[in-house]
Amino acid sequence: MRVSLATSAGRAGRPNEDFVGAVPGAVVLLDGAGIPGAERLCAHGVAWYTHRLGGTLLGGLSRNDGRDLADILASAIGEVAAAHSATCEIADPSSPQATVLMVRAHRGRLDHLLLADSFLVLDHVGGGPQVVTDEREVIARRECSTPLSGVTPETPECHGGPLDGVATAPRVNQPTGPRGQRRSAGR
């Protein structure tokens, strides 16, 4: 597996809230989510969260023990949550979070897991490219925004009750949340 890595801060003068790293046979990509107001909930910040989670994921993947990717992710999220649960409000939906993409070559197969809006492009030998993503966020966003169709932004109707009873987006970075784990035969 050949890997080239590059990432940069979303805005000049701000820390890079993304993480990309690799160990032999595995790659991790995190896109940090800097939700307005998160700094009042977590003293560490989104960049700390994504870098800590990314490093913990790489540590789990480097064991090369074939553990389920969802288990590795759940364990890493739990470890990072424990590292700042005493000082930060990590249960709040606006606390630091990140999309997750994990890819691992193991025993002649390619395993991958996606959480939220990351995209993985697989270039199959003898076939065309295949784009893989976690569709739950797009579906939830559509469900949440449909009741707001035609509502003028920044009005009481926009910020009031139209979303009552509407499903909310999947909670990212919760130990039981990831979907999209797949195994591909061959590499």
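Here the structure is a predicted model, which means the values were calculated and not measured.
Here the side chains of Ile72 and Leu57 are in contact, with some heavy-atom distance below 4.5 Å. Looking at heavy atoms from C-beta onward, His106 lies in side-chain contact with Asn64 at the 4.5 angstrom threshold. Using a 4.5 Å heavy-atom threshold, the side chains of Glu135 and Thr133 count as touching. For the pair Leu120 and Val103, the minimum side-chain heavy-atom distance is below 4.5 Å. The side-chain heavy atoms of Arg104 and Leu69, taken from C-beta on, include a pair separated by under 4.5 Å. Between Leu122 and His112, some side-chain heavy-atom pair lies under the 4.5 Å cut-off.
Across all their heavy atoms, Val28 and Gly54 have their closest contact at CG1-CA, 4.4 Å. Across Phe19 and His51, no two heavy atoms sit closer than the pair CD1-CA, 3.9 Å. Of all heavy-atom pairs between Arg52 and Ala83, the closest is NH2-CB, 3.6 Å. For the pair His84 and Tyr49, the tightest heavy-atom approach, listed with the atom from each and the gap, is NE2-CD1, 4.1 Å. Counting all heavy atoms, side chain and backbone alike, Asp18 lies closest to Gly32 at OD1-N, 3.3 Å. Minimum interatomic distance between His44 and Cys88 (heavy atoms only, all atoms of both residues): ND1-SG, 3.3 Å.
Residues Leu73 and Val46 do not share a hydrophobic cluster, defined by chaining ILVMFWY side chains whose heavy atoms lie under 4.5 Å apart.
Ionic pairing of Asp65 and Arg67 is present here: one or more N-O contacts between side-chain nitrogen and carboxylate oxygen are shorter than 4.0 angstrom.
With hydrogens and angles disregarded, no donor-acceptor distance shorter than 3.5 Å links the side chain of Thr99 to the backbone of Ser118.
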